[in-house]
Number of protein chains: 2
Amino acid sequence: MRIVKDAEERKNEILDAADELFRLKGFDGTSTNDILEKVGIARGGLYHHFKSKEDIMDALIERYKVRLLGAAREIAADRSIPVNERIVRVVMAMNISGGSGREIMKHIHKPQNALMHHKMQKVIISGVTPILAGIIREGIEQGQFSTPFPYECMEVAVAYASSIFDDTVEMTDEERASRIQAFIFNTERLLGAERGSLMCIARAFGGSNGGSHE
Amino acid sequence: MRIVKDAEERKNEILDAADELFRLKGFDGTSTNDILEKVGIARGGLYHHFKSKEDIMDALIERYKVRLLGAAREIAADRSIPVNERIVRVVMAMNISGGSGREIMKHIHKPQNALMHHKMQKVIISGVTPILAGIIREGIEQGQFSTPFPYECMEVAVAYASSIFDDTVEMTDEERASRIQAFIFNTERLLGAERGSLMCIARAFGGSNGGSHE
DNA sequence: TCTCAACAGACCGACTGACTGTCTGTTATA
DNA sequence: TATAACAGACAGTCAGTCGGTCTGTTGAGA
C-alpha cells in the first residue's frame with residue numbers, strides 16, 4: 001500500500017527514524033534497509049528525499065545545529081541574566097557536557113559515529129564559540145574578565161570541554177570531578193578571572209559539588 | 001605465481017600499501033582490492049595476516065604510535081636540552097602541527113578518515129600528554145612554570161593544538177599565524193609562565209616568525 | 001460550478017555493481 | 001611431513017539507480 005505525505009513531513013519521519021537507529025547502532029551499523037523498514041517506505045522513496053545515506057546524516061546534523069544554536073543564541077542575548085550564569089546556561093544548552101540534553105551527545109560520541117562526531121564537533125565549535133565569545137566580551141567590559149583573545153579562549157575551552165566529555169573514553173566519577181576542577185581553574189586563568197568566580201560552572205555539572213569530595 | 005615471505009615483512013608491505021592508499025583516497029575510499037593489487041597478493045593472503053580492514057587501520061595506528069611516542073620520549077628524557085626547547089622538539093616530533101613529520105598528520109585529518117583521525121587523536125593525547133606533563137613538572141621545579149595542574153594544562157594545549165591544526169578546516173596563513181599567537185599566549189597563561197617565554201614555539205612553527213608578518 | 005485531462009511530485013521495488021570477509025584447497029619451508 | 005603462507009572462488013550485504021506507478025492539484029472547457 002502506498003501512503004503519500006507532505007515532503008517535509010516524510011523527511012522528518014526519515015530523520016526521526018535515522019536518529020533513533022544511529023543512536024542505537026551507529027551510522028555504519030545502520031543500513032538504509034533498517035531505516036526503510038522503520039519508516040515503512042521503499043528504497044525509491046528514501047532516495048527521492050535524500051541523495052545519499054550521508055546526506056541523511058548531514059540533514060540530521062543541520063537539525064541538531066538549528067536546535068542547539070537557536071537555544072544558545074536565545075540565552076546569550078538575554079542581558080537580564082548575569083554573565084557567569086549565562087555561560088553556564090549556554091554550555092548546558094549545548095550539552096557539551098552534562099545537563100538536560102546530554103542525550104543528544106551520547107550516541108554521537110561512539111566510535112562508529114566518528115564522522116558524525118567530527119562534523120558535529122565542527123558545527124558546535126564554529127557555532128557556539130562566537131556566541132560564548134560575545135558573552136565574554138560583555139564580561140570584559142564589566143571588568144570581570146581580562147584577555148586580549150576572548151574568541152580564542154573560548155575555542156580552547158570548547159575544544160577541551162568536548163574532548164574531556166567525550167564518552168568514548170571511560171572515566172570514574174572521581175576522575176571526572178577532578179577534570180572539571182582543572183577545567184574551571186584553567187578557564188579562569190585563560191580569562192584572567194578571579195579564582196573561584198567560575199565555580200558555579202562546576203556546580204552546574206551533573207550534581208558534582210565542584211570536584212572536592214569531603 | 002606465488003611468493004612466500006616472512007610474516008612480519010608481508011605485514012609491513014601491507015601496512016605500507018594501506019598507508020599510501022589511505023593517504024590518497026581515505027580509509028572508506030580504499031577497498032581491500034586496492035590494497036591487494038598494490039601489494040600483489042590475493043585476498044586469502046591479506047586475511048591471513050589481518051582479521052579485518054579495520055584491523056589494518058589499528059595496526060597502522062599502532063605503528064605510528066610506536067614511532068611518534070618513541071621519538072617523543074627520547075627527546076623528553078634528554079635533560080641536557082632546556083625545558084622550553086624540549087617542549088618545542090616534542091611537539092615537532094609529534095607533528096601535531098608544522099614540522100618535519102607533518103606528512104603523517106596531513107591525510108589523517110581528512111573527513112573520510114574520521115575514524116582513523118579519532119583513534120589517532122586518542123593515542124596522541126593519551127600518549128604525549130604525560131610526556132609533556134613530565135617536562136612541565138621539571139619547569140615547575142625550576143621556577144619557570146607555575147600550575148597545580150600540569151597534566152591537565154597539557155591536555156588543554158594538546159587538544160587545542162590538534163583542533164587548530166586540523167586540516168579539514170581551511171585557514172589563511174594570516175589566520176593561522178594569529179591562532180598560533182593566541183595559542184602561545186593562552187598556554188603561557190595556563191602554565192603561569194612569563195609573557196613571551198614560549199615565543200620560541202611560535203618561531204618553530206612552519207617558518208612563521210610569530211604571527212606578525214613584516 | 002462541475003468535470004476531466006494533464007501534470008508534477010511522491011513513492012515503489014527489482015536490479016546492479018561493488019565490497020568485505022570466508023572457506024577450501026594448494027604451495028613452499030623448516 | 002607438519003605447518004605457515006598464500007590463492008581464488010564464493011556468499012552475503014549494502015548503497016544507490018532506474019523505469020515505472022500512483023495520487024493530489026490545477027486549470028480549461030462545458
Side-chain angles (χ1 to χ4, degrees), chain A residues 1-61 63 110-116 118-119, chain B residues 1-61 110-116 119:
Chain A
M1 87 247 170
R2 181 196 207 95
I3 301 167
V4 176
K5 293 193 178 178
D6 177 67
E8 276 314 302
E9 192 183 348
R10 238 317 113 76
K11 271 192 178 181
N12 268 315
E13 277 182 26
I14 294 170
L15 289 179
D16 290 340
D19 190 11
E20 192 176 332
L21 287 167
F22 293 169
R23 197 185 305 257
L24 285 171
K25 316 204 285 180
F27 179 76
D28 290 335
T30 303
S31 75
T32 48
N33 278 322
D34 293 336
I35 300 174
L36 262 34
E37 212 171 310
K38 193 168 181 69
V39 181
I41 55 172
R43 298 196 73 68
L46 194 148
Y47 283 91
H48 174 74
H49 293 292
F50 297 96
K51 71 176 202 289
S52 71
K53 192 183 172 191
E54 193 169 338
D55 192 34
I56 297 175
M57 183 177 73
D58 290 339
L60 250 185
I61 291 175
R63 214 170 63 160
K110 290 200 298 189
Q112 262 184 323
N113 290 336
L115 183 55
M116 194 159 174
H118 186 256
K119 288 187 174 183
Chain B
M1 87 252 168
R2 184 194 206 96
I3 300 167
V4 176
K5 294 194 177 177
D6 177 67
E8 276 313 304
E9 192 181 350
R10 238 316 114 77
K11 272 192 178 181
N12 269 314
E13 277 183 25
I14 294 170
L15 289 179
D16 289 339
D19 190 11
E20 192 177 331
L21 287 167
F22 291 171
R23 196 184 308 255
L24 285 172
K25 317 204 285 179
F27 179 75
D28 290 334
T30 303
S31 73
T32 49
N33 278 324
D34 293 335
I35 300 174
L36 261 35
E37 212 172 310
K38 193 169 181 71
V39 181
I41 56 172
R43 297 197 73 69
L46 193 148
Y47 283 90
H48 174 72
H49 294 292
F50 297 95
K51 70 176 202 286
S52 71
K53 191 183 170 190
E54 192 169 339
D55 192 35
I56 297 176
M57 183 178 72
D58 290 338
L60 250 185
I61 291 175
K110 291 199 299 189
Q112 262 184 322
N113 290 336
L115 183 55
M116 195 160 174
K119 287 188 175 182

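Here is how names work: the chains are called A, B, and so on, in the same order as the sequence lines, proteins then strands, and each is numbered from 1.
Rounded to a whole Å, the CD1 atom of A:Ile41 is 7 Å from the P atom of C:dC11. Look at CZ on B:Phe50: it is 15 Å from P on C:dT20, rounded to the nearest Å. Atom CD1 of B:Ile3 is separated from atom P of D:dG8 by 12 Å (rounded to the nearest Å). Regarding A:Ile56, its CD1 atom lies at a distance of 15 Å from the P atom of D:dC14, rounded to whole Å. Counting to the nearest Å, the P atom of C:dG9 and the CD atom of A:Glu9 are 18 Å from each other. The interatomic distance linking B:Leu36 (CG) with C:dA18 (C1') rounds to 14 Å, in whole Å. Spacing between atom CD1 of B:Ile35 and atom P of D:dC6 amounts to 16 Å, rounded to whole angstrom units. Counting to the nearest Å, the C1' atom of C:dT20 and the NZ atom of B:Lys51 are 15 Å from each other.
The side chain of B:Lys53 lies closest to C:dG21 when the candidates are C:dG21, D:dA7, C:dC11. In the set D:dA5, D:dA15, D:dA7, D:dA5 carries the atom at the smallest distance from any side-chain atom of B:His48. For A:Ser31, taking side-chain heavy atoms from C-beta onward, the closest of the listed nucleotides D:dA15, C:dG21, C:dT20 is D:dA15. Taking every side-chain heavy atom of B:His49 into account, D:dA5 is the closest of C:dG21, D:dG16, D:dA5. Checked against C:dG21, D:dT17, D:dC6, the side chain of A:Arg43 finds its nearest nucleotide in D:dT17.
Between A:Glu13 and A:Arg10, at least one side-chain nitrogen of the basic residue sits less than 4.0 Å from a carboxylate oxygen of the acidic one, meeting the salt-bridge criterion.
Considering only heavy atoms from C-beta on, B:Ile56 comes within 4.5 Å of B:Leu15 through its side chain.
Nearest approach of B:Lys53 to B:Tyr47, heavy atoms of both residues: N-OH, 4.4 Å.
Using a 4.0 Å cut-off, no side-chain N or O of B:Arg10 falls inside it from OP1 or OP2 of D:dA5. The phosphate of C:dT20 (OP1 or OP2) has a side-chain N or O of B:Thr32 nearer than 4.0 angstrom.
Put simply, the side chain of B:Asp55 gets close to the backbone of B:Lys51: a donor and an acceptor are under 3.5 Å apart.
When A:Lys38, A:Arg23, A:Arg63 are each tested for a salt bridge (Lys or Arg N to Asp or Glu O under 4.0 Å) with A:Asp16, only one passes: A:Arg63.
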